[in-house]
Amino acid sequence: MDFPKRYNPTEVEPRTRRFWNETGIYKFNPEDKRPIFSVDTPPPYVSSDHLHVGHAMSYSQAEFIVRYKRMAGFSIFYPMGFDDNGLPTERFVEKKHKINKSKITREDFIKLCLEETRNGAKVYRDLWEALGISVDWDLTYSTIDPRSTATSQKSFCDLHRQGRIQRRDEPITWCYKCGTSVAQAEIETAELESQLNDIAFIGPDGEDLIISTTRPELIPACVSLYVNPEDERYANLIGKKARIPLFDYEVEIRTHPDVAVDFGTGLMMVCTWGDMEDVKKWKEHRLDTRAIFNSWGKLGELAGPYENMTAQNARKAILKDLEEAGRLKKQEKISHIVGVHDRCDTPIEFNHSPQWFVSLLDKKDEYLARGEQINWRPGHFISRYSDWVEGLKWDWCISRQRFYGVPFPVWYCEKCGAPRVADESELPVDPLMKSPPQGTKCVACGHDVFVPEKDVMDTWMTSSLTPLINARWAFDDNLMDRIYPMSIRVQAFEIIRTWLFYTVAKSHHHTDSLPWEDVMISGWGLDEKGRKMSKSLGNYVPPEQVIEKYGADALRYWSARATLGNDLRYHERDVSNGKRLMTKLWNAAKFVAMQLEDENGEKRSLTPGAPTTIDRWIQSRLQQVIAEATKYMDRYEYSHAMEITERFFFTEFCDNYIEIVKERFWNPENFEADVVDAGRWTLYEVCEKVVKLLAPFIPYITEELYQIVFRADDSPVSVHVSDWPKADADSVDETALEAGRLLIAVLTGARRWKTDRQVNQNHPLKILRVCADDKLLEKLRPLSADLGAAAHADAVEFGGEGDVGTEIEEIRLALELGEKKK
RNA sequence: AGGCACGUAGCUCAGUUUUGGUUAGAGCGUUACGUUGACACCGUAGAGGUCGGCGGUUCGAGUCCGCCCGUGCCUACCA
């Protein structure tokens, strides 16, 4: 047997990858009749320059489970997708090429996006392949490809038919940097330093009416003043008019119970939408509309002399003018929370423009009920979901005033503006490229000329359909009854409110079911200080470098240390520790391999032989480990499965069993032949099972060992399609387990005694005398040969007096050093 | 402000639910010693913890309950 002295991942990993590709073991076979385990895995964004070990971590964690399920006998449906469209990609392209959508044609912009999409996909794919992520690349989708486009458009049409989609013209949260509407789910909060300004408006009798605002640039948008109805200070003002400083027009003074009496003066201005509260009062009281921003966030006509200024400049100018007019009474620094766009951190404003909405608010209860039906792992993450659903305030705005995304299957009547939604048979369609079918007439007015919808869909409108994209829901040859609902969704916690929630809502409305049965939530890989890895902090650890230095298996080992759903700090020493496990495994397997050949290099035939107590001990322990590891893997607790296997392998198999059994091979003349056989057989069995138990975590080295040592002519082609070990409860031998514990206690005592005398552990003992009560001695007596072998004792005797304590109090030892043999 | 997690050895983390139960574990680091018949990418042994704090339940609490302190994340702020 040709067994390399050292394991070299740099050589083995690419070769093994080629082997996997050639054998096609990760391909989904639709003809396979075994139960299917299908995985809805996150399609990463194109902006690949942000990849760090945290990404490697979360994808690896999900993949441990997939590899386990594959070995456990499931037919695996494991696709990868790429989230190529929508704002994330557009923002990435704008940043990289230092452009924005106003400075480039739609066509050129889309061309750049497609180009970056291809680049990004390649970087990702290279990394996933290097990591050994066992997806079936033939199942790959992109959220901009015809399949996803058709699926998204079918979703739109279906929801539209259900009356769940409407076009509404109302105030909408808006990002002026990106020039588009955004949905509630895309708004994050940020703490901002600001200034609270006390400004004197002019009361009906010319008196000062002081309001406090952080947004003085909105004064020209002011449409009303408000006080609390209980506030007696202002009772006489209600219904009267106040005059706006600088802009010189009048607004009515109204009441609303939401106005806090104790904030500032208790008097507030309400503008055409500085925030949600303004919108609320505007709707309730049908206030005037004074929209002052144009679509790029500069002030418009109503701002008079401040027209065309940015909000920031207008704020300064207006404050200066107010001060000169003596109307700025007080300024105070405050920090407050504002909503910002998650893609660019720009504070969110309100704007008024027609948008497409998916109604959500009327179905909160049903979404919450769906949440309860999901198997959340870990369970507590359901609260992230429920909290979000309960806190929903707006329906889902799905239209974006952008270029690169899935087009709406919609045209408008040129004459009356009524929308004409495509029929499902027309999908996929880009209305900019294609008109409605010949002879189509407007249902409202009968006119036959249409103009295309130019907006594109929110990227989540598409990615919320990944289970349905995978199942080819929009196509005749779909896999709906085979893979849908999918078995599992894997993702990190930060996109519960977006990807997860929207996917649940979509499946609820399209198929009246959950999209999947289980959800497995991963944590984040953090830097050494526990901070999130980010480019700006410079605490990035690129996974390629780690793989190059330690191998993919070592990086995966680090990933497997994080318990399910918890964050994990990245320390190179943990990766290095993975390397250590690999080295140990390599050497242990090498030792096993050595015993499989005779002196002439001929392969020995393995027979169970006559197992000794210690052979039965390690076999029994193995059965327990298999049972526990399997239990953990079934619960997606991969970290515990690996840990228990690793500990068993190191401390019981290597440190004790191999040390005990090796004497049989070095001095076979001291043992019965079938005892030597039993040792050989047990070594092989246990090591093979350990290799299999570790295969999901460290797939490369285990594959290599399987091919070199454990693959027989009639075995499966790869360890990764071999059978996951089955625990055999009947073969757990309680007597042997107890005996093994006693033996290790004696051995540890002998080792300590030698260490105290500063002699080599191999140094022979003339006599090892075990002293304990008769009951214990009875249990220990059958171990005599193994004990002598392990402690390198010429003679093992029982009974009498001893002075070396062991870990089991009742056992004491008397030892006598022998001559060192040369 | 509310919600959810977390707080265990110098460091990084298990263990806390299902099941409360003798001296609380691992790896790294550290100390001493050893070593070339799987492995120096090594072995053996040692030192190291009032399990964030206080109180409660219990024969018994790292584990269950209450309160508090600290950290992180999520959600939300009264302009």
Side-chain angles (χ1 to χ4, degrees), chain A residues 3 5-7 188-189 191 196-197 211-215 218 225-226 228 258-271 274-278 281 334 336-339 378-388 390-391 393 493-494 496-497 523-524 526 528 530-532 550 558 561-563 565-574 576-595 635 639-640 643-644 646-647 650-651 654-655 658-659 662 665-667 683 687 747-748 750-763 807 809:
Chain A
F3 206 113
K5 185 167 166 53
R6 285 188 177 171
Y7 176 70
E188 288 178 348
T189 52
E191 192 162 355
L196 189 62
N197 306 283
I211 62 106
S212 299
T213 182
T214 53
R215 305 284 309 272
L218 290 182
L225 295 190
Y226 271 86
N228 189 294
D258 284 357
V259 179
V261 176
D262 55 354
F263 185 89
T265 56
L267 185 67
M268 71 181 289
M269 72 166 180
V270 167
C271 307
D275 62 20
M276 196 57 200
E277 290 301 312
D278 285 357
K281 295 180 183 76
I334 59 162
H336 64 156
I337 310 285
V338 295
H380 72 256
F381 277 110
I382 191 177
S383 64
R384 294 282 177 109
Y385 174 88
S386 306
D387 288 354
W388 176 254
E390 282 165 9
K393 282 184 182 159
F493 55 82
E494 85 279 11
I496 287 175
R497 71 183 202 180
W524 272 347
L526 305 175
E528 298 197 356
R531 299 171 305 180
K532 190 182 171 181
Y550 295 98
W558 167 72
R561 292 190 66 250
T563 43
N566 284 326
D567 297 343
L568 183 67
R569 297 181 188 199
Y570 177 82
H571 285 270
E572 190 165 336
R573 66 186 184 213
D574 292 328
S576 161
N577 207 38
K579 191 77 194 284
R580 175 172 164 268
L581 169 65
M582 288 156 62
T583 304
K584 190 79 174 176
L585 184 64
W586 186 257
N587 288 314
K590 184 165 71 182
F591 176 78
V592 172
M594 281 166 55
Q595 312 315 323
R635 299 193 325 207
S639 64
H640 294 136
E643 192 188 9
I644 190 175
E646 184 189 3
R647 290 263 54 78
F650 252 92
T651 64
C654 292
D655 293 350
I658 288 183
E659 288 306 319
K662 63 174 40 163
F665 307 123
W666 303 156
N667 299 303
L683 263 186
C687 191
L747 197 50
T748 303
R751 282 170 175 166
R752 189 181 298 132
W753 187 83
K754 286 184 183 177
T755 299
D756 288 346
R757 275 148 196 79
Q758 304 184 356
V759 300
N760 168 2
Q761 291 298 327
N762 290 335
H763 200 104
E807 291 183 354
E809 271 305 301

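Scope of the values below: all heavy atoms of this structure, side chains included, with no hydrogens, waters or symmetry mates. Below, chain A is the first sequence line, B the second, and so on; all start at residue 1. In this text the structure is predicted, and so the values were computed from the model without any measurement.
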(message) Over all strands shown, is A:Glu659 touching base, sugar-phosphate only, or nothing at heavy-atom distances under 4.0 angstrom?
(response) base
(request) Determine the Euclidean distance between corresponding C1' atoms of B:A79 and B:G62; express it in Å to zero decimal places. (result) 48 Å
Write out a two-atom table: protein N or O, nucleotide N or O from nucleotides 1-4 of chain B, distance below 3.5 Å.
| from | atom 1 | to | atom 2 | distance (Å) |
| --- | --- | --- | --- | --- |
| B:G3 | O2' | A:Asp387 | OD2 | 3.1 |

(message) Regarding A:Lys662, tell me which of base, sugar-phosphate or nothing describes its non-hydrogen contacts under 4.0 Å with the strands shown.
(response) base
(request) Take atom NE2 of A:His571 and atom P of B:G29, then tell me their distance rounded to the nearest Å. (result) 14 Å
(request) Establish, with yes or no, whether the OP1 or OP2 oxygen of B:A14 is under 4.0 angstrom from a side-chain nitrogen or oxygen of A:Thr563. (result) yes
(request) Side-chain contact test, heavy atoms from C-beta onward, threshold under 4.5 Å: evaluate it for A:Val270 versus A:Leu225 and give yes or no. (result) no
(request) With a 3.5 angstrom cut-off on both distances, give the Watson-Crick or G-U wobble partner of B:U30, or none if there isn't one. (result) B:G46
(message) Is it the case that the side chain of A:Asn197 and the backbone of A:Thr214 share a donor-acceptor pair, with hydrogens and angles ignored and the cut-off at 3.5 Å?
(response) no
(request) Provide, to the nearest angstrom, the distance between the CD atom belonging to A:Glu643 and the P atom belonging to B:A26. (result) 11 Å
(request) For B:U22 versus B:U36, give the span between their C1' atoms, rounded off to a whole number of Å. (result) 43 Å
(request) Have a look at A:Lys584 and say if it touches a base, only the backbone sugar-phosphate, or nothing, with a 4.0 Å heavy-atom cut-off. (result) base
(message) At 4.0 Å (heavy atoms only), tell me whether A:Cys654 reaches a base, stays on the sugar-phosphate, or touches nothing.
(response) base
(request) Check for a donor-acceptor pair, side chain of A:Arg580 on one end and backbone N or O of A:Ser576 on the other, with a separation under 3.5 Å. (result) no
(message) Need the pair for B:U71. Rule: Watson-Crick or G-U wobble, both distances under 3.5 Å, any strand; none if unpaired.
(response) B:A5
(request) Side chain of A:Asn566 only, please: which of B:A5, B:U18, B:C78 is the nearest? (result) B:A5
(message) Starting the side chain at C-beta, find the nucleotide from B:A76, B:G27, B:A45 nearest to A:Lys393.
(response) B:A76
(request) Go through B:A79, B:C13, B:C28 for me and flag the one nearest to the A:Thr214 side chain. (result) B:A79
(request) Determine yes or no for a side-chain-to-main-chain donor-acceptor pair under 3.5 angstrom, with A:Asn566 supplying the side chain and A:Ala562 the backbone. (result) no
(request) Side chain of A:Met268 only, please: which of B:A14, B:A79, B:C39 is the nearest? (result) B:A79
(request) Could you please name the partner base of B:U57, counting Watson-Crick and G-U wobble pairs only when both distances are under 3.5 Å? (result) none
(request) Output the single nucleotide from B:G27, B:A76, B:G34 whose closest atom is nearest the side chain of A:Asn760. (result) B:G34
(message) If we ignore hydrogens and angles and just use 3.5 Å, is the side chain of A:Asp567 paired with the main-chain N or O of A:Trp524 as donor and acceptor?
(response) yes
(message) Could you identify the nucleotide paired to B:U36, looking across every strand shown and requiring Watson-Crick or G-U wobble geometry with both distances under 3.5 Å?
(response) none
(request) Check every atom of B:G34, B:G43, B:C78 against the side chain of A:Phe650 and return the nucleotide holding the closest atom. (result) B:G43
(request) Kindly say whether A:Val259 contributes a backbone atom to a donor-acceptor pair with the side chain of A:Asn228 at under 3.5 angstrom? (result) yes
(message) Determine whether a donor-acceptor pair (N or O, by modelled atom type, separation under 3.5 Å) exists between the side chain of A:Gln758 and the backbone of A:Lys754.
(response) no
(request) Quickly work out the A:Asn577 CG to B:C11 C1' distance and round it to whole Å. (result) 13 Å
(message) Please report the distance separating the P of B:U50 from the corresponding atom of B:G25, rounded so that it comes out in whole Å.
(response) 15 Å
(message) By the 4.0 Å heavy-atom rule, please label A:Ser386 as base, sugar-phosphate, or nothing.
(response) nothing
(message) Please report the distance, rounded to the nearest Å, between CG in A:Leu267 and P in B:A79.
(response) 15 Å
(request) Look at the side chain of A:Lys579 against the base of B:C41 and say whether a donor-acceptor pair falls under 3.5 Å; ignore hydrogens and angles. (result) no
(message) Counting only side-chain heavy atoms from C-beta out, which of B:C11, B:A79, B:C13 sits nearest to A:Val259?
(response) B:A79
(request) Look at the side-chain N and O atoms of A:Arg573 and state whether any lies under 4.0 Å from the OP1 or OP2 oxygen of B:G29. (result) no
(message) Please report the distance, rounded to the nearest Å, between OH in A:Tyr570 and P in B:C11.
(response) 20 Å
(message) If you define the side chain from C-beta out and look only at heavy atoms, does anything of A:Leu196 sit under 4.5 Å from A:Thr213?
(response) no
(message) Tell me if a side-chain donor or acceptor on A:Asn587 pairs with a main-chain N or O of A:Thr583 at a distance below 3.5 Å.
(response) yes
(message) So, OP1 or OP2 of B:G25: does either fall under 4.0 Å of a side-chain N or O from A:Arg647?
(response) no
(message) Can you tell me which nucleotide in B:A79, B:C39, B:A76 comes closest to the side chain of A:Thr189?
(response) B:A76
(request) Nearest whole angstrom, please: distance from the P of B:C28 to the CG of A:Leu581. (result) 12 Å
(request) Using a cut-off of strictly less than 4.0 Å, decide whether A:Arg580 has a side-chain nitrogen or oxygen near OP1 or OP2 of B:C39. (result) no
(request) Under 4.0 Å between any heavy atoms, over every strand shown, what does A:Ser576 touch: base, sugar-phosphate, or nothing? Just pick one. (result) nothing
(request) Between B:G15 and B:C33, how far apart are the C1' atoms? Round to whole Å, please. (result) 32 Å
Enumerate all atom pairs, one protein N or O and one N or O from nucleotides 62-67 of chain B, separated by less than 3.5 Å.
none

(request) Determine whether A:Glu572 and A:Tyr550 make a side-chain contact, defined as any pair of heavy atoms from C-beta on separated by less than 4.5 Å. (result) yes
(message) I want to check something: taking the side chain as every heavy atom from C-beta on, are A:Arg751 and A:Gln761 in contact at a cut-off of under 4.5 Å?
(response) yes
(request) Between B:A24 and B:U63, how far apart are the C1' atoms? Round to whole Å, please. (result) 11 Å
(message) What contact category does A:Arg215 fall into here, base, sugar-phosphate, or nothing, at under 4.0 angstrom with non-hydrogen atoms?
(response) nothing
(request) Please determine, for B:C41, whether a Watson-Crick or G-U wobble partner exists with both distances under 3.5 Å, and give it or none. (result) none
(request) Would you indicate which nucleotide in B:A26, B:A79, B:A45 comes nearest to any side-chain atom of A:His336? (result) B:A79
(request) Would you indicate what A:Asp756 reaches in the nucleic acid, counting non-hydrogen atoms under 4.0 angstrom: base, sugar-phosphate, or nothing? (result) nothing
(request) Identify which nucleotide among B:U12, B:A79, B:G46 has an atom closest to any side-chain atom of A:Asp574, counting heavy atoms from C-beta outward. (result) B:U12
(request) Provide the distance between the two C1' atoms, one in B:G29 and one in B:U12, to the nearest whole Å. (result) 11 Å
(request) Give the intermediate values and the outcome of salt bridge (charged side-chain N to carboxylate O under 4.0 Å, His left out) for residues A:Arg647 and A:Glu643. (result) CA-CA 6 Å; A:Arg647 290 263 54 78; A:Glu643 192 188 9; over 6 Å; no
(request) Send over the distance from A:Asp262 CG to B:C77 C1', rounded to a whole Å. (result) 14 Å
(request) Between A:Arg752 and A:Asn667, just flag the one whose closest nucleotide in RNA chain B comes earlier from the 5' side. (result) A:Asn667
(request) Can you label the angle between the A:Trp558 ring and the A:Tyr570 ring as parallel, tilted or perpendicular, going by 30° and 60°? (result) perpendicular
(request) Could you tell me whether the side chain of A:Arg569 has a donor or acceptor atom within less than 3.5 Å of a complementary atom in the base of B:C13? (result) no
(request) Take atom CH2 of A:Trp753 and atom P of B:A45, then tell me their distance rounded to the nearest Å. (result) 15 Å
(message) Measuring centre to centre across the rings, with the benzene-like ring taken for any Trp, is A:Phe3 within less than 6.0 Å of A:Trp586?
(response) yes
(request) Assign each of A:Lys5 and A:Ala562 to its nearest nucleotide of RNA chain B by heavy atoms, then name whichever residue's nucleotide is nearer the 5' end. (result) A:Ala562
